Amino acid sequence: MHSGGASLAVDALSVRYGAAAAVRGVSLSVSPGEVVGLLGPNGAGKSSTLKGIMGIAPVASGEVRLGTVEISGATVAARVKAGLGLVREGRGVFGRLSVAENLRVCARDQSPMSIDAVLAMLPALEPLRSRRAMLLSGGEQQMLSLAKALVSGPSVLLIDELSLGLAPILTARLMATVRSMATELGLGVLLVEQHVNLALGILDRAYVLRRGELVAEPPIAELRADPASLRQYYLG
Ligand SMILES: Nc1ncnc2c1ncn2[C@@H]1O[C@H](COP(=O)(O)OP(=O)(O)OP(=O)(O)O)[C@@H](O)[C@H]1O
Ligand SMILES: [Mg+2]
């Protein structure tokens with residue numbers, strides 16, 4: 001991880017695609033070691049929020065800070081260097097490269113997470129080290145995208161739909177891995193996950209986004225006791 005772990009602070013972030021505002025005035029924070037959920041119905045602006053934080057969606061206004069570093073106007077590369085990572089469904093996997101080569105491309109000298117350490121956390125990938133990424137299953141490619149983000153040694157990881165194309169049992173296993181990385185390494189995680197029931201098991205806190213705006217921060221214990229209660233926030 002980056003030295004000591006840094007908090008992510010997002011202040012009044014707005015993302016706009018042309019005339020359409022997808023995210024409006026979103027303020028949130030993630031502390032080191034915390035797994036924070038960003039929940040909400042389809043089209044609420046969850047992915048756009050993560051992309052705005054990462055600098056790959058058009059940000060109209062707002063501030064993003066990582067620790068004491070203001071990264072709002074920074075390039076994606078500079079954000080990665082500052083300690084931010086984004087995992088998107090099967091994105092950024094180089095098909096012609098092997099698993100190990102994919103990881104070597106992303107590994108950084110300053111990162112305390114070596115390729116071996118990351119593979120130890122994702123044991124299903126270990127035997128696939130020398131296989132080309134294009135020959136991996138969808139789920140294995142998901143794991144590889146997570147592994148790639150990890151070897152860059154982020155202090156805060158943004159995760160968008162880790163479960164896409166994965167069987168529930170595998171999703172649950174990956175969730176457990178994410179949880180232990182947060183707890184043991186002080187990694188901060190902002191998690192978007194369609195399978196809310198699986199996510200609830202590992203979340204410390206959650207924000208609910210609806211039509212581009214944060215509308216609630218329901219206590220996790222309440223959601224665990226009654227996951228269906230989320231619907232009231234989704235519908236308003
Ligand atoms: N590149 C884009 N250009 C124009 N509009 C976009 C673009 N990406 C997303 N949108 C719109 O912005 C809104 C928010 O989309 P976003 O993908 O952030 O939602 P989401 O909460 O991630 O939804 P889902 O749960 O379906 O993934 C939607 O109305 C969507 O149609
Ligand atoms: Mg999305």
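All of these numbers come straight from a predicted model, not from anything done at the bench. Start at 1 and go down the list; that is how both ligands and their atoms are numbered.
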Closest heavy-atom contact between [X] and [Y]?
{"X": "L157", "Y": "A149", "result": "CD1-CB, 3.6 Å"}
{"X": "E34", "Y": "D204", "result": "CA-OD2, 3.4 Å"}
{"X": "L125", "Y": "A147", "result": "CD1-CB, 3.9 Å"}
{"X": "M143", "Y": "L170", "result": "CE-CD2, 3.9 Å"}

Regarding Q194 and S163, is there a side-chain donor-to-acceptor distance under 3.5 Å anywhere? no
**Message:** Quick check on the hydrophobic clustering: are L185 and L122 connected, directly or via other members, by side-chain heavy-atom contacts under 4.5 Å?
**Reply:** yes
Sorted by chain and number, protein N/O/S atoms nearer to the Mg ion (ligand 2) than 2.8 Å are S47 OG
Distance filter under 4.0 Å, heavy atoms only, around ligand 1 gives Y17, A22, P41, N42, G43, A44, G45, K46, S47, S48
So the side chain to side chain donor-acceptor pair (under 3.5 Å) pairs with at least one residue in residues 227-236 (sequence neighbours excluded) are E222-Y233
Please step through side chain to side chain contact (heavy atoms under 4.5 Å, CB included) for the pair Q142 and L146, ending with a clear verdict. CA-CA 6 Å; Q142 281 299 76; L146 176 62; over 6 Å; no
Grouping ILVMFWY residues whenever side-chain heavy atoms fall under 4.5 Å, the cluster of V105 otherwise contains F94, L97
